[in-house]
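Contents: one structure, followed by commentary.
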2 protein chains.
Amino acid sequence: MSASTPAPAVILVRPQLGENIGACARAMLNFGLTDMRLVAPRDGWPNPEAWPRASGADRVLDDARVFPTLAEAIADLHTVYATTVRPRRLTKPVFTPSGAATEMRAQTAQSGLMFGPERAGLETDDLAVAHAILTVPVNPDFGSLNLAQAVLLAAYEWFKAGDETPAQLLAHHAGPAAHGELEGLIAAVDEVLEAADYYNVADRVAQSKRNVRNLLTRPQYTDDEVRTWRGIVHALAGKRRPKIVPND
Amino acid sequence: MSASTPAPAVILVRPQLGENIGACARAMLNFGLTDMRLVAPRDGWPNPEAWPRASGADRVLDDARVFPTLAEAIADLHTVYATTVRPRRLTKPVFTPSGAATEMRAQTAQSGLMFGPERAGLETDDLAVAHAILTVPVNPDFGSLNLAQAVLLAAYEWFKAGDETPAQLLAHHAGPAAHGELEGLIAAVDEVLEAADYYNVADRVAQSKRNVRNLLTRPQYTDDEVRTWRGIVHALAGKRRPKIVPND
């Protein structure tokens, strides 16, 4: 993976509604894509209906470039993926969004992601100029992705492929407390339970203590959580003390 | 991965606009999710503005259930993920959408994906009942995902985690032609090139032939493509023949 791979361009081929162009800009910027190219937008450009739907991704729209033909729009791009819902029988490799993202990240040159008009999608002649097909695996019984959703998923996978956040689990959990803190808690709990006569069956004391230890160990409590437990135990000990002291 | 894992429920907590509920239904059904649960929707339920935005995912809306409280909405679910844009400091594991999807698929019981109201997101009390946090890694400078986009990405990753399509490359390419077909093509091309006096530098013939072979071998042409090539070669041979025949 090259850290310097430029983010792919998004080429909207004959887009119809300004609102959808705006929604695409928003989806792009969410995942760090800024190079928008419009091929023969139906209602001309700039289209004032795009900006309100971009929710602040204005700079993508401000910098969008218009081209009369697809060939001109992609002339400087290296690998161009054409997005289709149902890949027609074409002699081109077909990638999922994550497959395309991996390929694009492996290159140093800028790639392009082509999307067709809202109603009809890309025409066969548009597909012919692409190097590969990108298709989103969807529910075979309901595959109605709109333009901005298709852009969102392709952009999301591109961002994800370069993101250094561990994919499985973000490191936001504070992490378990030091073991000594846990031992202190276990000892304090033990003390309260002994005072409460919890360990009252002689031949099960060892097993019961192991069970209590496990209850407190497996959750990997953080420092904060251990402190909260210590407060609870303290309160419980305080409640018990009046009962126990008179018997002493 | 359990093939029998039920698709997760989507719990929309105090959703505001019917249009957004409809867009969520569409995003859900695109990736095979059908169990929508609404907690105290602001404008009541059913909300007629939802259906037009669902683009045909009516059955998700028709079957949506309304609950007065979050606790009731999730009572039967096993692991519940709360979606947040910026995870607050909470002692809960934080997952990416793909991390959560992997976890959900590993279970046999139904999980839930919680999403907050459009403007404010989930409140701290809502987050407290979740088992884990789900957050989408986004452009740190522009992380404006709307409700349906967040649902789309979580649902997409769930579908992807159970999809048996090879992630990298769908098997839509017809595959290379049988080697004998390729050899036949190479021989036919050789013949045309010889007739055209292409191999005219004696000590480079072998290398030139290897180059031609490589040009035709590396693309892994399909049967259809080989047939197209044979037609081209045939035509070229036909064009050449008149030039060559007079010299014979």
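Chain letters run A, B, ... following the sequence lines, proteins first and then strands; every chain starts at 1.
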Q: Check whether A57(B) gets within reach of chain A through its side chain, its backbone, both or neither, counting any heavy atom under 4.5 Å.
A: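 Both the backbone and the side chain of A57(B) come within 4.5 Å of chain A.
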
Note: [X]-[Y] ion pair, threshold 4.0 Å (strictly below):
X       : Y       : result
R65(B)  : D63(B)  : no
R230(A) : E225(A) : no
D62(A)  : R59(A)  : no
E183(B) : R213(B) : yes

Below 4.5 Å from any heavy atom of chain B, which atoms of [X] appear? Answer side chain, backbone, both or neither.
X       : answer
Y156(A) : side chain
A54(A)  : backbone
F159(A) : side chain

Q) Quick one: ring pair (Phe, Tyr, Trp, His ring centres under 6.0 Å) partners of F115(A), sequence neighbours excluded? A)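 Result, ring pair (Phe, Tyr, Trp, His ring centres under 6.0 Å) vs F115(A): none returned.
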
(Q) Please output the residues of residues 9-23 of chain A in contact with chain B, using a heavy-atom cutoff of under 4.5 Å, in numerical order. (A)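 Within residues 9-23 of chain A, no residue comes under 4.5 Å from chain B.
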
Q.
Quick check on side-chain contact (heavy atoms from CB on, under 4.5 Å): which of L153(B), L145(B), N139(B) does N30(A) satisfy it with?
A.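 The passing option is L145(B).
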
Q. Looking at N146(B), V136(B), L33(B), D141(B), which makes the most heavy-atom pairs under 4.5 Å with chain A?
A.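 It is N146(B).
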
